[in-house]
**Student:** 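Just passing along the structure, written as structure tokens.
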Amino acid sequence: MKKAAWSFLALILVVALSACGTSKDKNNSASNSLYDQVKKKGEVTIGTEGTYAPFTFHDKSGKLTGFDVEIAQEVFKRLNIKPKFIETKWDGMIAGLDSKRYDMVANEVAVRDDRKKKYDFSNPYIVSKAVLIVNKDNKDIKTLDDLKGKKVAQSLDSNYRKIAEQHGATNTVVDGFNQSIDLITSKRVDATLNDSLSYLDLIKQRPELPIKKVYEEKNATSNAFLFRKDSGKLVTEINKALADMKKDGTYLKISKKWFGTDVSK
């Protein structure tokens, strides 16, 4: 009987100690937030496309640059954290975030209700409108309704793909904006829906392209940095940095450099 009693007491002690250990581990995990991790490491990893001018692309010297890149660099300069950009195709970018290949995404990601259910967003740092682009010889497409039965070129996970397909278009999957334009100029597709700022930059850089804008949305889309759910303090600190940048004029300086105007509103 004594032996059985001692065995029972020993079992209770083991369970109690295990419970304490589990509680301690949970507390440590809770306190070791994503912000704490990147702050301790001194580096944050950022998924980006690197082929989407003027937001994220390589200049003539091969350096990664663009509006989104400069905004992210300035944000983390203020947080004393080094940004490390990891380039990937758009269609695999969000999957890369899910698999923790990087800590966040900076690639003019549209804020959508379906995405907000699964991900965290920073405060929007740019707004833009969708434009419908066709070959200059195209006389059939003038509105979104004219896309019925037509071929478009859109990225698989693009917000614009959903809009085009909702209007009856058939999509040809592309890696990005440049490939869409190539398919339009060669008349292998009829149109693409894309960002108005990207279109303006493209026309400025390559005015000889045989393309034209036939429609522009009235309502602007907000775009922001994207994070895995429950990124908490990292999002909060980034929002503070963005607010400070707008307050002291740094945001406007970067915005005017790339677009000649304030693209936050």
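Remember, predicted model here, so these are calculated numbers, not experimental data.
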**Student:** In terms of side-chain geometry, is the basic nitrogen of Asp120 or Lys229 positioned less than 4.0 Å from the acidic oxygen of its partner?
**Tutor:**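 A salt bridge is present here (some side-chain N lies under 4.0 Å from a carboxylate O).
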**Student:** Using only heavy-atom distances, determine whether the side chains of Asp145 and Thr143 contain a donor-acceptor pair under 3.5 Å.
**Tutor:**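 Judged by distance alone, the side chains do not pair up.
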**Student:** Look at Arg188 together with Asp182 and state whether they make a salt bridge at an N to O cut-off of under 4.0 Å.
**Tutor:**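 So Arg188 does not pair with Asp182 through a salt bridge.
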**Student:** In chain order, what residues pass the side chain to side chain contact (heavy atoms under 4.5 Å, CB included) check against Thr172, with sequence neighbours excluded?
**Tutor:**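 For Thr172, the residues satisfying side chain to side chain contact (heavy atoms under 4.5 Å, CB included) (neighbours in sequence not counted) are Leu183, Val189.
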**Student:** Between Lys162 and Asp114, is the closest basic N to carboxylate O distance under 4.0 Å?
**Tutor:**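 Between Lys162 and Asp114 there is a salt bridge, with a charged N closer than 4.0 Å to a carboxylate O.
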**Student:** Not counting sequence neighbours, which residues clear side chain to side chain contact (heavy atoms under 4.5 Å, CB included) with Lys142? List them please.
**Tutor:**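 Only Asp146 meet the side chain to side chain contact (heavy atoms under 4.5 Å, CB included) criterion with Lys142.
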**Student:** Quiz question: by atom type and distance under 3.5 Å, do the side chains of Asn107 and Glu49 form a donor-acceptor pair?
**Tutor:**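 Judged by distance alone, the side chains do pair up.
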**Student:** Thr236: what forms a side chain to side chain contact (heavy atoms under 4.5 Å, CB included) with it, not counting sequence neighbours?
**Tutor:**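 In terms of side chain to side chain contact (heavy atoms under 4.5 Å, CB included), with neighbours along the sequence ignored, Thr236 is linked to Lys240.
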**Student:** With sequence neighbours left out, which residue pairs that include part of residues 246-256 fulfil the side-chain hydrogen bond (donor to acceptor under 3.5 Å, both in side chains) condition?
**Tutor:**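 Checked against side-chain hydrogen bond (donor to acceptor under 3.5 Å, both in side chains) - neighbours excluded - the pairs reaching residues 246-256 are Arg78-Asp248, Arg78-Thr250, Asp248-Thr250.
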**Student:** For the side chain of Ser128 and the backbone of Ser196, is there at least one donor-acceptor N/O pair under 3.5 Å apart?
**Tutor:**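 No, because the side chain of Ser128 does not come within donor-acceptor range (under 3.5 Å) of the backbone of Ser196.
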**Student:** What residues join Leu156 in its hydrophobic cluster, counting side-chain heavy atom gaps under 4.5 Å, either direct or through other members?
**Tutor:**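 Other cluster members: Val173.
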**Student:** Roughly how far, to the nearest 0.5 Å, is CG of Asp190 from CG of Leu147?
**Tutor:**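 If we round to the nearest 0.5 Å, Leu147:CG and Asp190:CG are 8.5 Å apart.
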**Student:** Output a table of donor-acceptor pairs, distance under 3.5 Å, between side-chain atoms of residues 79-86 and any protein atom two or more places apart or on a different chain; print 'none' if there are none.
**Tutor:**
none

